[in-house]
Amino acid sequence: MSFSRTPLGAAAEYLFYSEILVYVEGHTDIPFYEKVLQGYDCYIKPRGGRKECKKLVPFLLKDNLPFVIIFDGDYEILVSTQSEHSRVILLDRYSFENYLFEEEPIEQFCRHRRPRANLEKLVSRFREIVQNVEVQFKQLIVLDVAHQHSHTGYDVLPDGPQRFFGQGPSDFKDSEIREWCGQAAQSIKKQSIEDAKSLVDEFLKRHRLIDLLPGHFAFAIIRRLIIKTVNRSIADDDITIPLSTSVWDLVKTRDHNSLKRRLHEAVQEAEKIRESK
C-alpha cells in the first residue's frame, strides 16, 4: 500500500484495519507477540526496524491515535525503562529473544524434540551458561555500551557469538573474548568505560547479563544448547516459534508479567479510543 510509505501515511493506517494495529520492529518478532495477544482483536505489523517505528511515535503522542508500538529494550534500558506513552512499549530486556532464555521452555522444547533424550544435564548446562555469560561476557558488553553511548562507530561485537563458542554446550573461549575486549578498549576513553560499567552493574542488580546480550547473541546461545542436547540440527524458526508460544505458559518472571500486563492494557486502551472516535 503506497499510502503507508510515509510516516504520516503509516500513522493513519489504523483507519484501514478493523483490528487494533500493533507495530513491531521486524517480522521475527511476530510469533512472540501473537501468543501473548491471543484473544485480542489486533493485527501485529512489522515496520522494518527501530527507526521506522520511531517515526510513528510523534503522531501517536500528538493525536492520541489508537495503535500500539513495541520497541526492543536495546541498551536504552540501562538509562530508563520509562516510555513516552502507555501505548509505546519498551521491553525490559534487550529484545524478545532474551525473554526466551528461560529454563522451562527450553527443557520442554528438547523433551518434545527428542523424548528419549537424557535431559538430566540440561538444567545444569543452562545454569552454567547463565553464569559463564555473566563472568566471561561482562567486559565485552561494557565496552559495547561505552562505544555506543560515545557514538564512536566502533563495532565491538561480531555478527554472532559463534567465534566465542567452545566445544561443549555451555563453554566459551576466554582467549578469543579477551582479544576482542583488548581491541575494543584501545579506542575508547577510560571514563566512558567506567560510566558504562556503572550502568551495567546497576542493571545486574535486577537482571541477568544474558538479558542484556543483543538478541541474536542470546538466540545463538539458546540454539547451541538445544542442538547439543537433542543432537540434531534445527532451523531457527523451528526453535523461535515454539519457544515464543510456550514461554508465556511456563514462565512468570517479573519481566514477563510486566510485559503481558502492559501489552494487554495498551491494546484495551487503543480499543476504547477507537470506539470513541
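Just so it is clear, the model here is predicted, and its values are computed rather than measured. Just so it is clear, the values below take in all heavy atoms, side chains as well, and ignore hydrogens, waters and symmetry mates.
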Colleague: Are Q136 and K173 close enough that some pair of their side-chain heavy atoms sits under 4.5 Å apart?
Modeller: no
Colleague: In terms of relative ring orientation, are F164 and F217 parallel, tilted or perpendicular, with 30° and 60° separating the classes?
Modeller: tilted
Colleague: Counting neighbours of NZ on K189 that are heavy atoms of other residues, nucleotides or ligands and sit closer than 6.0 Å, is the number greater than 12?
Modeller: no
Colleague: With sequence neighbours left out, what residues match K190 under salt bridge (charged side-chain N to carboxylate O under 4.0 Å, His left out)?
Modeller: none
Colleague: List the atom of P31, the atom of H27, and the distance in Å for their closest heavy-atom pair.
Modeller: CD-O, 3.9 Å
Colleague: Would you compute the distance between atom OG of S276 and atom CG of N64 and round it to the nearest 0.5 angstrom?
Modeller: 8.0 Å
Colleague: Kindly confirm or rule out a cation-pi arrangement of R274 over Y14, judged by NZ or CZ under 6.0 Å from the six-membered ring centre and within 45° of its axis?
Modeller: no
Colleague: When you group the ILVMFWY residues by side-chain heavy-atom contacts below 4.5 Å and let the links chain together, are L65 and I273 in the same group?
Modeller: no
Colleague: Have E269 and S86 got a donor and an acceptor in their side chains that come within less than 3.5 Å?
Modeller: yes
Colleague: Does H85, at its NE2 atom, have more than 12 non-hydrogen atoms belonging to other residues, nucleotides or ligands within less than 6.0 Å?
Modeller: yes
Colleague: Can you measure from CG (L140) to CG (L213) and round to the nearest 0.5 angstrom?
Modeller: 9.0 Å
Colleague: Do R93 and L212 have side chains that get closer than 4.5 Å, going by heavy atoms?
Modeller: no
Colleague: If you take all heavy atoms of H147 and S187, which pair is closest and at what distance?
Modeller: CE1-OG, 3.4 Å
Colleague: Can you tell me how far the CG atom of L78 sits from the CD atom of Q148, to the nearest 0.5 Å?
Modeller: 10.0 Å
Colleague: What side chain to side chain donor-acceptor pair (under 3.5 Å) pairs are there with at least one residue in residues 230-240, not counting sequence neighbours?
Modeller: R223-D236
Colleague: Is it true that a side-chain atom of S150 and a backbone atom of A146 form a donor plus acceptor pair closer than 3.5 Å?
Modeller: yes
Colleague: If you define the side chain from C-beta out and look only at heavy atoms, does anything of S95 sit under 4.5 Å from D74?
Modeller: no
Colleague: So, D92 and R262, do they make that salt bridge, N to O below 4.0 Å?
Modeller: yes
Colleague: Identify the two heavy atoms, one from R47 and one from C53, that lie closest to each other, and give their separation to 0.1 Å.
Modeller: CB-SG, 3.6 Å
Colleague: Could you tell me how the ring of F137 sits relative to the ring of F172: parallel (under 30°), tilted (30 to 60°) or perpendicular (over 60°)?
Modeller: perpendicular
Colleague: Can you tell me how far apart CZ (F96) and CZ (F219) are? Round to the nearest 0.5 Å.
Modeller: 8.0 Å
Colleague: Parallel, tilted or perpendicular for H256 and Y99, by the 30°/60° rule?
Modeller: perpendicular
Colleague: Shared ILVMFWY cluster between F109 and I241, side chains joined below 4.5 angstrom?
Modeller: no
Colleague: Is any side-chain heavy atom of K35 closer than 4.5 Å to a side-chain heavy atom of V247?
Modeller: no
Colleague: Between E202 and K205, is a salt bridge (charged side-chain N to carboxylate O under 4.0 Å, His left out) present by the stated rule, with each step listed?
Modeller: CA-CA 5 Å; E202 187 63 28; K205 292 178 181 178; 3.0 Å; yes
Colleague: Please report the closest heavy-atom contact between P66 and A270, naming both atoms and the distance.
Modeller: CB-O, 3.5 Å
Colleague: Could you give me the CA-CA distance, side-chain angles and deciding distance for V57 and E84, then say whether side-chain contact (heavy atoms from CB on, under 4.5 Å) is met?
Modeller: CA-CA 8 Å; V57 174; E84 302 168 89; 3.5 Å; yes
Colleague: What side chain to side chain donor-acceptor pair (under 3.5 Å) pairs are there with at least one residue in residues 157-168, not counting sequence neighbours?
Modeller: R163-E176
Colleague: Are the side chain of N98 and the backbone N or O of I210 linked by a donor-acceptor pair below 3.5 Å?
Modeller: yes
Colleague: For A196 versus V145, what's the shortest heavy-atom pair and its separation?
Modeller: CB-CG1, 3.8 Å
Colleague: Verify, without hydrogens or angle tests, whether W248 (side chain) and L37 (backbone) share a donor-acceptor contact under 3.5 angstrom.
Modeller: no
Colleague: Any idea which heavy atoms bring E107 and V123 closest together, and the distance?
Modeller: OE1-CG2, 4.4 Å
Colleague: Rounded to the nearest 0.5 Å, what separates atom OG in S258 from atom CG in L91?
Modeller: 10.0 Å
Colleague: For the residue pair L225 and F126, establish whether any side-chain heavy-atom pair is separated by less than 4.5 Å.
Modeller: yes
Colleague: Any side-chain to backbone donor/acceptor pair from R254 onto R206? Under 3.5 Å, distance only.
Modeller: yes
Colleague: Is V133 reachable from I227 through a run of I, L, V, M, F, W or Y residues, each pair having side-chain heavy atoms under 4.5 Å apart?
Modeller: no
Colleague: Would D249 and S246 count as a side-chain hydrogen bond (donor to acceptor under 3.5 Å, both in side chains) if you check the C-alpha gap in whole Å, the side-chain angles of each, and the deciding distance to 0.1 Å?
Modeller: CA-CA 5 Å; D249 295 325; S246 65; over 6 Å; no
Colleague: Would you indicate whether the side-chain heavy atoms of F203 and L209 approach each other to under 4.5 Å?
Modeller: no
Colleague: Are Y94 and Y75 close enough that their ring centers fall under 6.0 Å?
Modeller: yes
Colleague: Do you reckon L60 sits in the same ILVMFWY cluster as Y17, going by side-chain contacts under 4.5 Å, direct or chained?
Modeller: yes
Colleague: Apply the test salt bridge (charged side-chain N to carboxylate O under 4.0 Å, His left out) to residues E103 and R127: give CA-CA distance (whole Å), side-chain angles for both, the deciding distance (0.1 Å), then the verdict.
Modeller: CA-CA 8 Å; E103 183 181 312; R127 293 173 184 175; 3.4 Å; yes
Colleague: Any side-chain heavy atom of H264 within less than 4.5 Å of one from V36?
Modeller: yes
Colleague: Is a donor from one side chain sitting under 3.5 angstrom from an acceptor on the other, for E13 and Y23?
Modeller: yes
Colleague: Checking E134 against K138 for the salt bridge (charged side-chain N to carboxylate O under 4.0 Å, His left out) test, could you report, in this order, the C-alpha distance in whole Å, the side-chain angles of both residues, the deciding distance, and whether it holds?
Modeller: CA-CA 6 Å; E134 186 144 339; K138 182 179 177 181; over 6 Å; no
Colleague: Can you tell me how far the CG atom of L15 sits from the CG atom of L21, to the nearest 0.5 Å?
Modeller: 9.5 Å
Colleague: Indicate whether any N or O donor in one side chain lies under 3.5 Å from an N or O acceptor in the other, for Y40 and E19.
Modeller: no
Colleague: Think K54 forms a cation-pi with F71, using NZ or CZ under 6.0 Å from the six-ring centre and within 45 degrees of its axis?
Modeller: yes
Colleague: Using salt bridge (charged side-chain N to carboxylate O under 4.0 Å, His left out), reason through K252 and E102 one step at a time and then give a plain yes or no.
Modeller: CA-CA 10 Å; K252 308 296 180 184; E102 298 289 343; over 6 Å; no
Colleague: Between the main-chain N or O of E128 and the side-chain N or O of S170, is there a donor-acceptor pair closer than 3.5 Å?
Modeller: no
Colleague: Are L100 and V130 in one and the same hydrophobic cluster, where Ile, Leu, Val, Met, Phe, Trp and Tyr link if side-chain heavy atoms are under 4.5 Å apart?
Modeller: yes
Colleague: Any heavy-atom pair between the side chains of D29 and P46 that's under 4.5 Å?
Modeller: no
